[in-house]
Amino acid sequence: MNAYLSSVIEHVKTRHANEPEFVQTVEEVLSSLEPVIEKHPEYEKADLLTRMVEPERMFTFRVCWMADDGTWHTNIGYRCQFNGAIGPYKGGLRFQKNVYPGIIKFLGFEQVFKNSLTGLPIGGGKGGSDFDPAGKSDAEIMRFCQSFMQALYRYIGPDVDVPAGDMGVGAKEIGYLYGEYRRLKGAFENGVLTGKGFSYGGSLIRPEATGFGAVYYLENVLKHEGEELKGKTIACAGFGNVTWGICKKATELGAKVVTLSGPDGYVYDPDGVATAEKIAYLVEMRNSGRNVVKDYADKFGVEFHAGEKPWGVKVDVVMPSAMQNDVHMEQAKQIAANGVKYYIEVANMPTTNDALKFLMEQPGVIVAPSKAVNAGGVATSALEMAQNSERLVWTEEEVDKQLHQIMDTIYSMSVEAAEMYGLGYNLVAGANIAGFQRVADAMMAQGVF
Ligand code: GLU
């Protein structure tokens, strides 16, 4: 590999030795940039990459809250304002017990490139807490969110940093967070958060957007192969918002999602998660706070495989949509052996780097990267920000039309970027290069800091 790129990767490995997820994403992205760095010696000259892998700012804060039984608890809150060169920092908050700086930083780094790919004016950020929402009452979640916002509100704003949801943070949490922000600021600045409820400035289609966007992206890939979505079987993981959106759109377009997964195992529904009742049940299951997918199998009488992941199921399209590092080498081999043609990442970094490389090398397997496939979520968040600043509400058709166009553009920009650097049809490298280019131009123009 190019000596400059290797030296930046080595630097990150040393400085972030205890943050393997961050090192992983930096290696993945930077390894795609070789032809770009060679064609543009000015980047090395300005040592642009060493700055790009360092968050502009990252901080922690104490979040104390009282449980219903009167006991006090203290969690750590995080916000990483990774790169603001092309717009206010933008990215979700993750509430999950395994959250630590390495997770926040990897998500923040991915977000910079993803947000750039949308073509919209949003920089990259991420945040969250090691708070575990599982089994907490509504009142506990509200007190936690209020305390979290008391610590964070000074550092965010509609033109500064705009958090949203991620795992463990949905419309309910965003509501409590916004209520506290409004109370503290004494102003209705609802562009400070996205993923809000519709009644106070949320965008129509935002809840569905990540899943819908992923399906629109998939349609582009299928079209390239002369195929269509109709009749395809899809294996999904997870059973949250994203998977729900995929089920909805895939069903509408005649495809079938046959697996869902949770921390307890996976379900196989050969008829597909394809009726309004089944799709609605996903939301109910997520909102129950139980965090188990077996409930679906019990309710609809389908197979449940305890403790297993769905990657052994024979399908046309695999869409890992649950969490990071869900697919390792062993599962990648299984997927390839099953003759799966389309490997479409949806969750942030769902594949280990060696597994991703392996799948990309398989003849006949097409791999699409999550930072492009799931970008419809944050893109629609940017549309929500636009509506908030215009003080207007766009129709469902308008938002969906824009989302669809954005996904088509992300796909074609990725294809063109890879071709331009002689990499052929490589959606992974193309997304990294296209995302990089815009942020790099903006950073170069704004001087060294
Ligand atoms: N957490 C989502 C993501 O990974 C959404 C972020 C947002 O809407 O700001 O992109």
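First listed ligand is number 1; within each ligand, the first listed atom is number 1.
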_With sequence neighbours excluded, residues passing ring pair (Phe, Tyr, Trp, His ring centres under 6.0 Å) with H224_ =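 If we apply the ring pair (Phe, Tyr, Trp, His ring centres under 6.0 Å) test to H224, skipping adjacent residues, the hits are Y425.
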Taking the six-membered ring where the residue is Trp, are the ring centres of [X] and [Y] under 6.0 Å apart?
{"X": "F82", "Y": "Y89", "answer": "no"}
{"X": "F239", "Y": "Y296", "answer": "no"}
{"X": "W311", "Y": "Y266", "answer": "no"}

Between ligand 1 and the protein, which N/O pairs are shorter than 3.5 Å?
residue  : atom   : partner : partner atom : Å
ligand 1 : 1 (N)  : K126    : NZ           : 3.3
ligand 1 : 1 (N)  : G165    : O            : 2.9
ligand 1 : 1 (N)  : D166    : OD1          : 2.8
ligand 1 : 4 (O)  : K114    : NZ           : 2.9
ligand 1 : 4 (O)  : K126    : NZ           : 3.1
ligand 1 : 4 (O)  : N348    : ND2          : 3.3
ligand 1 : 8 (O)  : R206    : NH2          : 3.0
ligand 1 : 8 (O)  : S381    : OG           : 2.6
ligand 1 : 9 (O)  : K90     : NZ           : 2.7
ligand 1 : 10 (O) : Q111    : NE2          : 3.1
ligand 1 : 10 (O) : K114    : NZ           : 2.8

*Determine whether the side chains of T74 and R62 contain a donor N or O and an acceptor N or O closer than 3.5 Å.*
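Result is no, nothing qualifies.
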_Donor-acceptor pair between D130 and N98 side chains, under 3.5 angstrom_ =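 No pair is found: no donor N or O on one side chain lies under 3.5 Å from an acceptor on the other.
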